[in-house]
Amino acid sequence: MTHKRILVTGAGGFIGHHLVKFLQQRGHWVRGVDIKEPEFEPTTADEFLLLDLRRWENCLVATEGVTEVYALAADMGGMGYIHANHAQILHNNILINTHTLEAARQNGVQRYLYTSSACVYPEYRQTETDVIPLREGDAYPAQPQDAYGWEKLMTERLCMHYREEYGLETRIVRFHNIFGPLGTWDGGREKAPAAMCRKVALAKLTGEHEVEIWGDGEQTRSFCYIDDCLTGLEKLMASSFHEPLNLGQDRMVTINELADIVADIAGISVTKKHIPGPQGVRGRNSDNTLLRQVLDWSPGISLEEGLRQTYTWIEEQVRQSLVLKSAEQMRHSQVLSGESMVKV
Ligand code: NAD
């Protein structure tokens, strides 16, 4: 195998950080770029640059001297975040993607993989829980639910035109809910599997076995483990396929079922409390017919196995944060009692 010089943007994020390690294990030289360092462990990138890719001059620096780009940088988060920040997300992601793609072209990059999303699919095809799996062609007539999805669709088209008119070999992947360890699990940007693992871990560690779920929990999704995602990305980049391609699992579960699987892994039973909250589309699943045809492969890691790995990691994070919190509380109460002693 030839060893390449590769740029991963968004290398401080969940998938980007895993991808850097994966590509290095394949023997490639990897530059990671992000506005922040990875949150949970240091980067292993051969070079890691802290750059804001909304700025054109930074995109020129980032894409210099590499032959391949995996473009993952995005202002994104879970449903709560995506529903509440349309203007900011659209503005930031248009700048990041327009500038990174053009800079890659000017720097003579040969291959460019853009990470799009199942959020491009129209809302009118996702109104039932028992939804028909989404084929790539279903994206049109377009009606994504959020600004996040509209931007993804627009950049897909930009990539297609750059290939047709400038000869830059672009690849476009549409992820369907990627999850795994080392992903955001708290703070508002976390997605459903991580949020569920956190809630169940908290229930287990505090003994309060009530878990909150947004909506009635009957909304459906499919979830794909990170290791399958990385394999699929590498295969797509190496392929000659340049149209958008789904990358996800095609096993659909409800959010209530997701909660049950995680609780089972944790070894506890939970009471589900359904509360109002953003739920996204009612049902979504990936049709992997084209994926199997193009890559002669499809994701094989089971939801249970992926969640077991993820839950174990998140339970440890929750345990550490609880220890920190109780130490802080103790310090705080010591300070207070010290103060009151002085006053007395
Ligand atoms: P993430 O939020 O963990 O990673 C994105 C990274 O982009 C973050 O580290 C962030 O700091 C960085 N970034 C944001 N603004 C930037 C800027 N101005 N300059 C440089 N870096 C910037 O998300 P992720 O889950 O790793 O997703 C990676 C990509 O895959 C994103 O493009 C996302 O839209 C897409 N995607 C992910 C999923 C999923 O399930 N995780 C689903 C569909 C699409």
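Bear in mind the structure is a predicted one, so any value in this text is a computation, not a measurement. One-based numbering, in listed order, for ligands and for the atoms of each.
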Evaluate Glu102 against Tyr166 for side chain to side chain donor-acceptor pair (under 3.5 Å), listing each step before the verdict. CA-CA 10 Å; Glu102 173 59 14; Tyr166 301 139; 5.4 Å; no
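Annotation for ligand 1: atoms under 4.0 Å from non-hydrogen atoms of Asn177 are 40 (O). Ligand 1 places these atoms under 4.0 Å from at least one heavy atom of Phe175: 30 (O), 35 (C), 36 (N), 37 (C), 42 (C), 43 (C), 44 (C). The Gly12 neighbourhood of ligand 1 comprises atoms 9 (O), with distances under 4.0 Å to a heavy atom of that residue. Close contacts of ligand 1 with Lys36, meaning ligand atoms under 4.0 Å from a residue heavy atom, involve 9 (O), 11 (O). For ligand 1, the atoms sitting less than 4.0 Å from at least one non-hydrogen atom of Asp52 are 17 (C), 18 (N), 19 (N), numbered in the order shown with element in parentheses. Near Ile96, with a cut-off below 4.0 Å to any heavy atom, the atoms of ligand 1 are 15 (N), 16 (C), 17 (C), 18 (N). Proximity to Arg54 (heavy-atom distance under 4.0 Å) selects the following atoms of ligand 1: 18 (N).
Side chain of Thr220 to backbone of Met252: no donor-acceptor contact under 3.5 angstrom is found. For Arg198 (side chain) and Val318 (main-chain N/O), no donor-acceptor pair under 3.5 Å exists by modelled atom type. With Gln219 contributing its side chain and Trp214 its backbone, the two residues share a donor-acceptor pair below 3.5 Å. A distance-only check finds a donor-acceptor pair linking the side chain of Arg5 to the backbone of Gly65 [under 3.5 Å]. One N or O on the side chain of Lys199 and one on the backbone of Glu212 form a donor-acceptor pair closer than 3.5 Å.
Atom 27 (O) of ligand 1 has as its closest protein heavy atom Ile15 CD1, 3.8 Å. Nearest protein neighbour of atom 14 (C) of ligand 1, counting heavy atoms only, is Ala74 O, 3.2 Å. At the top of the distance list for atom 10 (C) of ligand 1, counting protein heavy atoms only, stands Asp34 OD1, 3.4 Å. Protein heavy atom at the shortest distance from atom 21 (N) of ligand 1 is Ile35 N, 3.4 Å. Of the protein's heavy atoms, Met76 SD, 3.3 Å lies nearest to atom 23 (O) of ligand 1. The nearest protein atom to atom 40 (O) of ligand 1, hydrogens excluded, is given as Ile178 N, 2.7 Å; this is a heavy-atom distance. For atom 38 (C) of ligand 1, the nearest non-hydrogen atom of the protein is Lys191 NZ, 3.5 Å. Residue, atom and distance of the protein heavy atom nearest to atom 29 (C) of ligand 1 are Leu72 O, 3.3 Å.
Counting heavy atoms closer than 4.0 Å to ligand 1, residue Tyr148 contributes side-chain atoms (C-beta onward) but none from N, CA, C or O. Counting heavy atoms under 4.0 Å from ligand 1, residue Ser116 touches it through the backbone alone. Of all the heavy atoms of His176, none lies under 4.0 Å from any atom of ligand 1, so neither backbone nor side chain is involved.
Residues Asp34 and His17 bring no donor and acceptor atom of their side chains to less than 3.5 Å of each other. Side-chain contact, Ser116 with Glu156: a donor N or O sits under 3.5 Å from an acceptor N or O. No side-chain donor-acceptor contact under 3.5 Å links Glu123 and Thr127. Looking at Tyr124 and Asp138, their side chains never bring a donor and an acceptor atom within 3.5 Å of each other. Side-chain contact annotation: Ser298 with Asn288, donor-acceptor N/O pair under 3.5 Å absent.
At least one N/O-N/O distance between Thr115 and ligand 1 falls below 3.5 Å. The shortest N/O to N/O separation between Ala73 and ligand 1 does not fall below 3.5 Å. The N/O atoms of Ser117, backbone and side chain alike, include none that comes under 3.5 Å of an N/O atom in ligand 1.
The closest approach between Leu51 and ligand 1 falls below 4.0 Å for a heavy atom of the residue. For Asn92, the closest heavy-atom approach to ligand 1 does not fall below 4.0 Å.
More than 12 heavy atoms of other residues, nucleotides or ligands sit less than 6.0 Å from atom NZ of Lys36.
Classified by interplanar angle (parallel below 30°, tilted 30° to 60°, perpendicular above 60°), the ring pair Tyr121/His176 is tilted.
Considering only heavy atoms from C-beta on, Phe22 stays 4.5 Å or farther from Ile15 through its side chain.
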